[in-house]
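Residues: numbered from 1 along the sequence shown. Counting convention: from 1, in listed order, for ligands and their atoms alike.
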Amino acid sequence: MTSLASYAANPAQSRGRKHPESDPQGRNQFQRDKDRIIHSSAFRRLEYKTQVFVNHEGDLFRTRLTHSIEVAQIGRAIARNLSLHEDLVEGIALAHDLGHTPFGHAGQDALNECMHAFGGFEHNLQSLRVVDLLEQRYAEFDGLNLTFELREGILKHCSMNNARLLGDVGERFINKEQPSLEAQLTNLADEIAYNNHDVDDGLRSGLITLEQLEQVTLFADNLQKVRVQYPNLNDRRLIHETVRRMINALVVDLCEQSSRNIVNAGLTKIDDVRQQSMLISFSPEMREQQTELKRFLRTNLYQHYRVNRMSFKAQRIVRDLFGVFMQNVKLMPEEYQQRAGKDPDAIEHARAVADYIAGMTDRYAIREYQRLFTVSDREL
Ligand code: MG
């Protein structure tokens, strides 16, 4: 690692872990966090969870695992450029989607509706719940007992009500403060990653076309540059060359604008970061182009009728599973039955059902649905 800025998150000055532990040997506190995330079972399940496309649609599409690795790659590159802590960024990136339901946003929306009377369901908050509570691997504590800085980075946003319940990581929402620059940049690395891989996956699936994408400034500008330089390129390479230039343009712009912001803010220590507005940002021109791309993807890909059909089915699976487990928690594995407790009206009851469903992979949820609702002589 290159030299660290004075306002970077520093593992030697971490605000610490909930359960005190001896210092790690041969690695810093943020590396320990990252290692724990990689060894968690929620992390392994990311391989079989999707964002836009259902997992079995094809082997070439991104999963939440490959997405998280791409976020880590982009985030580390930005951190290195800005002399921020790469290990913290990598840890936040690898953990940021741990709480996602099966079937991407469709699954999350359905579960949020189901949980309406019980405080709702937010994937962000659920990621924190996974690392704070649901992982059961250590003798002395539930969860992974991660540092404050890593946990703060996972919690990108939350409601005021939840902020009050969360203690230390909730305080910044009440005090209207910013998280570390590492947390801020990982959030934007996430955005760069998904916009670009959704373009790539969208084209590969045939749901969107090159011609349509030429309406989008960021894509069209970079496509044009590739066409001028390589007039005879086939579509596959043309797309990759364009997407990699888009990612590069976004990363370079983000680093340049953020450097200027940091200089102007006159930061000397991490607590200065917390008092400022967001310092990691795109330039206004790039922000506009990024918004245009997002708008395009929303209209043409996320709301494509074939995606809507997948979402429809996914939501039905989540809703039906929720209904059946709420009626009878004894249909869930024992660990979740215990968590649910005896009172069917208690919030913990519904929360245990949500935890069980949120932890499912796409294919596990489909199988669970079949096991519970389809009569077969082969499987119970
Ligand atoms: Mg993400």
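- Every side-chain hydrogen bond (donor to acceptor under 3.5 Å, both in side chains) that Asn161 has, sequence neighbours left out, goes to Arg164.
- Under the 4.5 Å side-chain criterion, counting only non-hydrogen atoms from C-beta, Arg351 is in contact with Arg129.
- Taking the six-membered ring for Trp, Tyr356 and Phe325 have ring centres closer than 6.0 Å.
- Distances under 2.8 Å from the Mg ion (ligand 1) pick out the protein N/O/S atoms His67 NE2, His96 NE2, Asp190 OD1.
- When the options Ile92, Val89, Asp87 are evaluated for a side chain to side chain contact (heavy atoms under 4.5 Å, CB included) with Lys34, the one that passes is Asp87.
- Geometrically, Arg36 engages Tyr138 in a cation-pi contact defined by less than 6.0 Å to the ring centre and at most 45° from the axis.
- A heavy-atom distance below 4.5 Å is found between the side chains of Gln126 and Asp355.
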